[in-house]
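Note: hydrogens, waters and symmetry copies are ignored here, and every other heavy atom, side chains too, is used.
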Amino acid sequence: MTPEPPTLRRAVLADVLCLRVLGQQVFLDTYATEGIRPTLAREVLETFSERATQAVLADAASCITVAERDGHLVGFAHLRLPAVNALAPAGVQAELCRLYVQAPFAGRGLGRALLVDAEQRAREAGATVLWLKVWVHNARARAFYARHSFGDCGSTWYEFEGERHENRVLARRLDAVGAG
């Protein structure tokens with residue numbers, strides 16, 4: 001029997017545990033390319049702690065869409081609006097804080113579906129610009145967003161425990177042709 005394709009829905013409080021673990025998994029797959037060190041371990045555990053995840057779900061400015069297949073979370077997108085970044089184009093801005101897809105589901109259109117959903121939610125909230133930050137060494141993500149008409153707006157930094165990691169701010173106008 002062929003598994004059902006993932007469906008998208010808004011995250012609920014009951015998703016906290018799975019969001020935390022999925023977030024940790026994708027974060028480490030992306031950023032722990034040379035292994036785990038104490039600073040990175042503490043950062044991932046704090047970023048995806050129960051308290052932090054519950055706070056994001058309770059935040060009226062945030063919206064998390066999850067991709068679920070057969071009762072399993074396989075991806076999610078976290079949208080925040082309003083969210084202003086001086087490097088992004090002028091307009092009513094929204095931030096795509098995270099778009100995470102579990103590795104076995106990458107390359108199957110799930111990221112695109114989550115992106116299209118985030119863009120639609122941003123438009124419905126009145127946003128005209130969607131921006132995000134991507135790690136400079138995440139070539140797969142940078143190529144994905146380039147394919148979906150996101151332009152590079154400049155450099156920014158992700159900082160924790162005295163470490164600085166360069167990211168790029170990418171953005172696109174939502175009044176432009178849709179993703180795809």
Side-chain angles (χ1 to χ4, degrees), residues 1-83 94-125 127 130-135 137-145 148 150 158 160-161 165 167 170 179:
M1 178 181 229
T2 304
E4 290 295 317
T7 58
L8 304 184
R9 65 172 174 79
R10 288 279 305 257
V12 295
L13 198 54
D15 293 320
V16 166
L17 177 62
C18 291
L19 281 168
R20 291 177 57 215
V21 174
L22 179 59
Q24 289 175 17
Q25 181 184 43
V26 175
F27 186 101
L28 290 171
D29 285 349
T30 302
Y31 301 107
T33 58
E34 297 179 16
I36 307 294
R37 61 187 188 287
T39 55
L40 186 62
R42 285 188 294 271
E43 179 65 10
V44 74
L45 289 174
E46 176 56 32
T47 298
F48 296 102
S49 69
E50 184 172 3
R51 176 190 51 76
T53 306
Q54 287 175 344
V56 168
L57 281 173
D59 181 6
S62 287
C63 173
I64 296 180
T65 298
V66 297
E68 182 177 42
R69 189 187 79 169
D70 297 328
H72 299 87
L73 294 191
V74 297
F76 69 91
H78 173 197
L79 180 68
R80 183 166 171 74
L81 30 36
E95 179 185 10
L96 183 58
C97 302
R98 295 192 195 293
L99 194 160
Y100 280 8
V101 173
Q102 193 177 35
F105 298 91
R108 297 184 184 184
L110 184 54
R112 182 184 187 284
L114 286 165
L115 178 59
V116 168
D117 181 79
E119 290 176 337
Q120 183 59 36
R121 289 184 188 277
R123 277 189 199 95
E124 289 170 358
L130 182 63
W131 64 271
L132 58 102
K133 294 178 271 188
V134 65
W135 183 39
H137 300 294
N138 190 344
R140 188 172 72 191
R142 291 179 71 183
F144 171 82
Y145 291 113
H148 295 287
F150 281 78
Y158 184 79
F160 60 92
E161 293 195 33
H165 303 273
N167 282 245
L170 307 180

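Every pair passing salt bridge (Lys or Arg N to Asp or Glu O under 4.0 Å) that includes a residue from residues 52-61 is listed here, sequence neighbours excluded: Asp59-Arg80.
Pairing each heavy atom of Leu79 with each of Arg121, the nearest pair is CD2-CB, 3.8 Å. In this structure, His78 and Ser62 approach most closely via the heavy-atom pair NE2-OG, 2.9 Å. The two atoms that bring Gly75 and Leu114 nearest to each other are C-CD1, 4.1 Å, heavy atoms only. Taking every heavy atom of both residues into account, Leu40 and Gly35 meet most closely at CD2-O, 3.9 Å. When all heavy atoms of Ala125 and Leu81 are compared, the pair lying nearest together is CB-CD2, 3.3 Å. Taking all atoms of both residues into account, the shortest heavy-atom contact from Phe160 to Glu43 is CB-OE1, 3.3 Å.
In this structure, the side chain of Arg108 engages the main chain of Pro104 through a donor-acceptor pair within 3.5 Å.
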Next on the checklist: Under the criterion side-chain contact (heavy atoms from CB on, under 4.5 Å), I'd like the reasoning laid out for Arg69 against Thr7: C-alpha separation, chi angles, the key distance, then a yes or no.
Outcome noted: CA-CA 6 Å; Arg69 189 187 79 169; Thr7 58; over 6 Å; no

Item to check | Derivation and outcome, side-chain contact (heavy atoms from CB on, under 4.5 Å), residues Phe76 and Leu22 | outcome: CA-CA 9 Å; Phe76 69 91; Leu22 179 59; 3.8 Å; yes

Next on the checklist: I'd like to know whether Asp15 forms a salt bridge (charged side-chain N to carboxylate O under 4.0 Å, His left out) with Arg9, so could you lay out the CA-CA distance, the side-chain angles of the two residues, the decisive distance to 0.1 Å, and finally the verdict.
Outcome noted: CA-CA 11 Å; Asp15 293 320; Arg9 65 172 174 79; 2.8 Å; yes

Next on the checklist: Between Val66 and Val12, is the side-chain contact (heavy atoms from CB on, under 4.5 Å) condition met? List the steps.
Outcome noted: CA-CA 9 Å; Val66 297; Val12 295; over 6 Å; no

Checklist entry - What's the verdict on side-chain contact (heavy atoms from CB on, under 4.5 Å) for Val134 and Phe144, showing C-alpha distance, side-chain angles and the deciding distance? => result CA-CA 11 Å; Val134 65; Phe144 171 82; over 6 Å; no

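Here the side chains of Tyr145 and Leu99 are in contact, with some heavy-atom distance below 4.5 Å. His72 has its side chain out of reach of Glu68: every pair of non-hydrogen atoms, C-beta onward, lies at least 4.5 Å apart. A 4.5 Å side-chain heavy-atom check between Val101 and Val74 finds every atom pair outside the cut-off. Two residues are said to be in side-chain contact when any heavy atoms from C-beta on lie closer than 4.5 Å; Val16 and Glu50 meet this criterion. Residues Glu95 and Lys133 have side chains in contact (heavy-atom distance under 4.5 Å, counting atoms from C-beta outward). Leu45 is listed as a side-chain neighbour of Gln24, based on a closest heavy-atom distance under 4.5 Å.
Thr65 contributes atom OG1, which lies 6.5 Å from atom CZ of Arg10 (distance to the nearest 0.5 angstrom). One distance of note links CG of Leu73 with CG of Leu19; it measures 5.5 Å at 0.5 Å rounding. A distance of 4.5 Å separates CG in Leu28 from CD1 in Ile36, rounded to the nearest 0.5 Å. Between the CZ atom of Arg20 and the OG atom of Ser49 there is a distance of 6.5 Å, given to the nearest 0.5 Å. Atoms CG and CG, from Leu130 and Leu115 in turn, are 7.0 Å apart once rounded to the nearest 0.5 Å.
Glu161 CD: more than 12 foreign heavy atoms inside a 6.0 Å radius.
Under 3.5 Å, the side chains of Thr33 and His137 contain no donor-acceptor pair of N or O atoms.
By the 30° and 60° cut-offs, the orientation of the rings of Trp135 relative to Tyr31 is tilted. The aromatic rings of Phe48 and Tyr100 lie tilted to each other, with the angle between the two planes from 30° to 60°.
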